[in-house]
Amino acid sequence: MIKRNIATIIRDACEGCKKDGTLPVNTEINPIIEIPREEGHGDYSTNIAFLLAPALKKNPKAIAEDLVQRMDFDASCDKVEVAGKGFINFYVKDAVWQQLLQDAYANGIDTLFPSTGKGKKALIEFVSANPTGPLHIGHGRGAAVGDVLANILSKAGYEVTKEYYINDAGRQIRTLGRSTFLRWQELKGLQVSYEKDLYQGGYIKDLAREIIDKHIDVPPEEEDAVTLMSRFSGDAIMNGIMKDLEDFGVFFDSYYRESGLYGRGVIDSTLSLLREKGYAYENDGALWFRTSAFEKDEDRVLIKSDGEKTYFTSDIAYHLDKFERSYDTLVDIWGSDHHGYIPRLKAAIQALGRNKEDLKVILIQFVSLLKDGKPIGMSTRAGEFTTLREVLDEVGRDAARFFFLMRKSDAHLEFDLDLAVKTSNENPVYYVQYAHARIMSIFRNAAAEGVDAGQLKNADLRLLTQEDEIKLIKGIIHFHDVIEGCARSFEPHRITFYLLDLVGNFHSYYNKTRVLVDDRDLTIARLLLLHMLREVIRSGLSILGVSAPEKM
RNA sequence: GCGCCCAUAGCUCAACUGGAUAGAGUGUUGGACUACGAAUCCAAAGGUUGCAGGUUCGAAUCCUGCUGGGCGCGCCA
């Protein structure tokens, strides 16, 4: 959009320089065009003069001045000026902004979305918690980040699949069965010794009780009983997880079972592929992967000397399988305690013939809960962790999701439960939602005065001349850049900050300017501005999975 | 011992690919509802970006060392 026009203006000026020999013909022109954070520095700014300075051996300011002389910007800018030590600042005409808003209204808000990922397929794998216990608050954060990132990538043109990987083949599922079995024996009145490495949470006892209450037939042999209870417990817990996610507003396109890898022979083909390429070798009776060929990491075991595959092996197979399902971008969302695992998996996908950039791992840092201003213990041991369910019950879906997305995911998140439930100005969720409800209210009043949405198409946006009105228009149009930035950096939190900022400008405008005035034309112009603002707020909230209420 | 992440206003956090005078919220102080919702707004105050060097026209951002916090480092999953 407008940014592209600016780029063209810059390029044309540079081409002019090349023609008369001021600039060597083979000079690369890759200017950075950014929105200056300082409002006094125009709408867009470029550093091109700094980039050319070393080649030309001239000072940036002189280069900038020369370039500006050559620029043909009358169509889009009021002025273009050299500032600081050589920045070139562009001041876009109000009329251009007004036109962009008009276009967005006429063509629909979807035209504001970028096409960064057009033609690309992305698979986002997240949560993927083992079905051995309920989701805790950390999983909740990962779920929110993954879900919203999926929404963002999808808005940016990617074809996105959300996947949950279920580790149903490992030893932990057997441990789960054994835990339930022992609790079950306990309930039957038997003396058992419950080992420390079994699952400690109270939910295990509930499962055992359920088996009794439902009169489920337990085989006499312990082995068979544990097998039955493994399956029963795993399924029951998985159902609980899915219910929690559903209430959290997170839905997956596919659930991929680890056990499925074996049936399809993916493990074997992965191993033979690695052997073929020379990245797998035998040592001490085990099969090793040559991690060190790609990353600064030690070689890792694929098959133990007892013949068992490691978890790493099925993980490589799983990722190979993702690529074979023709995804070109893989996003994995992990708890940050798994960070040490990144190099070996990156090495593995390179061994499979992929670029390391094709796999993007997003680490989710821990969440610490705050209640009455004090931290709540989060020990997973002894089952003392806070579950996602508890947080959801306490603060609701909207606040929970919004709070999870207020931080960069690789930073610790302090989740203040008291603040999240507060129905006041202190709570940022309401700040955004209130703006939406407020706009809706204005439209209800407008309708009562005989102005309806049908009249908006005749709006004359040239009437929007106030500084804060132009600022709001820019905010709306910048939605495009925000989504693009989120999609490029895989950082969903930017959207919450954008919304808070946008909505802040609206609240401020609202307090200063009356929308429904005697001048009918002005009223309609302002209503169109608010209509588009509401569209952006609603769209932004919907990407976050937060509701946009008509009334509050 | 080795590796990864983090350190920004009293507190919680932003700062887009290195960009110009580092921004919000909260808290503190003071102010605005007899017209569209005060769950709102306006104003003031608050900083040597953990410390010390380096690269650069330019560093919160990149590099080196140090301090402090979190997390990893198994033929576990």
Side-chain angles (χ1 to χ4, degrees), chain A residues 30 32 34-38 40-41 45-47 49-50 53-54 59-61 83-87 89 130 132 167 170-173 175 283-288 296-298 300-312 314-315 335-343 363 365-366 368 370 373 406-408 410-414 416 419 422-431 433-435 437-446 448-449 481-482 484-486 488-489 491 493-494 496-498 500-501 504 506-517 523 526 530 551-552:
Chain A
N30 279 321
I32 289 176
E34 57 177 15
I35 299 167
R37 60 178 166 204
E38 197 73 28
H41 293 151
S45 172
T46 182
N47 63 348
F50 293 104
N59 86 63
K61 197 159 187 170
K85 291 177 189 162
F87 291 97
N89 296 338
N130 293 346
T132 54
N167 298 123
R171 195 189 309 171
Q172 79 281 353
I173 206 79
T175 307
N283 191 27
D284 291 341
L287 186 71
W288 295 72
K296 275 169 59 183
D297 194 25
E298 293 159 35
R300 304 287 171 176
V301 170
L302 294 165
I303 298 185
K304 298 184 269 177
S305 47
D306 66 2
E308 285 286 312
K309 298 169 220 36
T310 61
Y311 183 84
F312 181 39
S314 49
D315 240 4
S336 62
D337 51 337
H338 290 86
H339 69 261
Y341 202 70
I342 296 175
L363 295 176
Q365 274 286 0
F366 294 120
S368 39
L370 223 61
M406 283 204 308
R407 299 283 174 270
K408 228 181 331 200
D410 62 359
H412 284 267
L413 168 65
E414 193 160 287
D416 189 334
L419 177 57
K422 248 183 219 171
T423 312
S424 79
N425 54 344
E426 289 168 62
N427 191 331
V429 194
Y430 291 108
Y431 190 70
Q433 290 181 321
Y434 182 56
R438 216 174 202 183
I439 294 174
M440 294 312 290
S441 168
I442 296 173
F443 273 93
R444 283 192 294 272
N445 291 326
E449 290 179 22
D481 302 79
V482 173
E484 193 175 60
C486 288
R488 196 185 45 228
S489 62
E491 289 179 349
H493 74 280
R494 293 192 197 181
T496 50
F497 284 95
Y498 164 75
L500 286 168
D501 182 57
F506 162 72
H507 283 309
S508 172
Y509 172 68
Y510 176 89
N511 271 273
K512 213 166 70 184
T513 309
R514 208 183 141 76
V515 175
L516 306 176
V517 287
T523 298
R526 285 178 176 166
L530 259 55
K551 288 181 187 174
M552 292 171 72

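Lettering follows sequence order; numbering is per chain, from 1.
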Q: Tell me what A:Asn89 touches on the nucleic acid: a base, only sugar-phosphate, or nothing, going by heavy atoms under 4.0 Å.
A: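 The residue A:Asn89 makes base contact.
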Q: According to a cutoff of under 5.5 Å between the ring centres and under 30° between the ring planes, does A:Phe87 stack with the base of B:rG19?
A: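 Stacking is absent between B:rG19 and A:Phe87, given that the ring centres and planes do not meet under 5.5 Å and under 30°.
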Q: In whole angstrom, what separates A:His339's NE2 from B:rG70's C1'?
A: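 Going from A:His339 (NE2) to B:rG70 (C1'), I get 10 Å.
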Q: With rounding to whole Å, what would you report as the distance between B:rC5 and B:rA43 at their P atoms?
A: 40 Å
Q: Determine the Euclidean distance between corresponding C1' atoms of B:rA39 and B:rU55; express it in Å to zero decimal places.
A: 50 Å
Q: Is any side-chain nitrogen or oxygen of A:Arg438 closer than 4.0 Å to OP1 or OP2 of B:rA39?
A: no
Q: Would you mind telling me which residue lines up with the more 5' stretch of RNA chain B, A:Ala411 or A:Ala83, judged by nearest nucleotide?
A: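 Comparing both residues, the 5'-ward one is A:Ala411.
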Q: Over how many whole Å does the gap from A:Lys408 atom NZ to B:rG70 atom P extend?
A: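 My rounded result for the distance is 20 Å.
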Q: Ring-plane angle category for A:Tyr510 and A:Phe506, please: parallel below 30°, perpendicular beyond 60°, tilted otherwise.
A: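 Answer is tilted, since the angle falls between 30° and 60°.
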Q: What nucleic acid atoms does A:Arg300 come within less than 4.0 Å of, heavy atoms only: base, sugar-phosphate, or nothing?
A: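 Answer is nothing: A:Arg300 stays at 4.0 Å or more from every strand.
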Q: Would you please classify the geometry between the A:Tyr434 ring and the A:His507 ring as parallel, tilted or perpendicular, with 30° and 60° separating the classes?
A: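 A:His507 vs A:Tyr434 ring planes: parallel.
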Q: Counting the atoms with a prime plus P, OP1 and OP2 as sugar-phosphate, which does A:Tyr510 contact under 4.0 Å by heavy atoms, base, sugar-phosphate, or nothing?
A: base
Q: Please state whether the base of B:rA35 and the side chain of A:Arg514 form at least one donor-acceptor pair under 3.5 Å?
A: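 Yes, the side chain and the base share a sub-3.5 Å donor-acceptor pair.
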Q: Tell me whether the side-chain N/O atoms of A:Tyr431 come closer than 4.0 Å to OP1 or OP2 in B:rC41.
A: yes
Q: Can you see if the side chain of A:Lys61 gets near the phosphate of B:rC57 - specifically, an N or O under 4.0 Å from OP1 or OP2?
A: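 Checking B:rC57 against A:Lys61, no side-chain N or O comes under 4.0 Å of OP1 or OP2.
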Q: Do A:Ser489 and A:Arg494 have a side chain donor and acceptor closer than 3.5 Å?
A: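 Note: A:Ser489 and A:Arg494 side chains meet the donor-acceptor criterion.
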Q: About how many Å separate CG of A:Asp315 and OG1 of A:Thr310, when rounded to the nearest 0.5 Å?
A: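 It comes to 9.0 Å.
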Q: Taking any heavy-atom pair under 4.0 Å as a contact, classify A:Ala286: base, sugar-phosphate, or nothing.
A: base
Q: Could you give the CE-to-C1' distance, from A:Met406 to B:rA15, as a whole number of Å?
A: 17 Å
Q: Pick base, sugar-phosphate or nothing for A:His507, based on heavy-atom distances below 4.0 Å to the nucleic acid.
A: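 Sugar-phosphate only.
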Q: Check this for me: does the side-chain of A:Ser305 come within 3.5 Å of the base of B:rC75 through a donor and an acceptor?
A: yes
Q: Between atom CD in A:Gln365 and atom P in B:rA7, what is the gap in whole Å?
A: 11 Å
Q: Mark yes or no for a side-chain to base donor-acceptor pair under 3.5 Å between A:Thr310 and B:rA77, with no hydrogen or angle criteria applied.
A: no
Q: For RNA chain B, produce a single dot-bracket line, 5' to 3'. Pairs: Watson-Crick or G-U wobble, both distances under 3.5 Å. Symbols: ( ) within strand, [ ] crossing, | other strand, . unpaired.
A: (((((((..((((.....[...)))).(((((.......))))).....(((((..]....))))))))))))....
Q: Counting the atoms with a prime plus P, OP1 and OP2 as sugar-phosphate, which does A:Gln172 contact under 4.0 Å by heavy atoms, base, sugar-phosphate, or nothing?
A: sugar-phosphate
Q: Tell me whether the side-chain N/O atoms of A:Asn47 come closer than 4.0 Å to OP1 or OP2 in B:rU17.
A: no
Q: Give A:Leu287 one of three labels, base, sugar-phosphate or nothing, depending on what nucleic acid heavy atoms sit under 4.0 Å from its own.
A: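 Counting heavy atoms under 4.0 Å across all strands, no contact is made by A:Leu287.
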Q: Just wondering, do A:His338 and B:rG72 stack (centres under 5.5 Å, planes under 30°)?
A: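 Here the ring of A:His338 and the base of B:rG72 are not stacked, as the 5.5 Å and 30° limits are not both satisfied.
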Q: Under 4.0 Å from OP1 or OP2 of B:rA39: is there any side-chain N or O of A:Tyr430 that close?
A: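 No, because none of the side-chain N or O atoms of A:Tyr430 sits under 4.0 Å from OP1 or OP2 of B:rA39.
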Q: Can you tell me how far P of B:rC76 sits from OH of A:Tyr341, to the nearest Å?
A: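 Going from OH in A:Tyr341 over to P in B:rC76 covers 13 Å.
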Q: Rounding to a whole Å, what distance do you find between A:Ile32:CD1 and B:rG19:C1'?
A: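 Atom CD1 in A:Ile32 sits about 9 Å away from atom C1' in B:rG19.
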Q: Using a cut-off of strictly less than 4.0 Å, decide whether A:Ser508 has a side-chain nitrogen or oxygen near OP1 or OP2 of B:rC42.
A: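 Checking B:rC42 against A:Ser508, a side-chain N or O does come within under 4.0 Å of OP1 or OP2.
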Q: Identify whether any heavy atom of A:Thr513 sits under 4.0 Å from a base atom; if not, whether one sits that close to sugar-phosphate; answer base, sugar-phosphate or nothing.
A: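 Touches a base.
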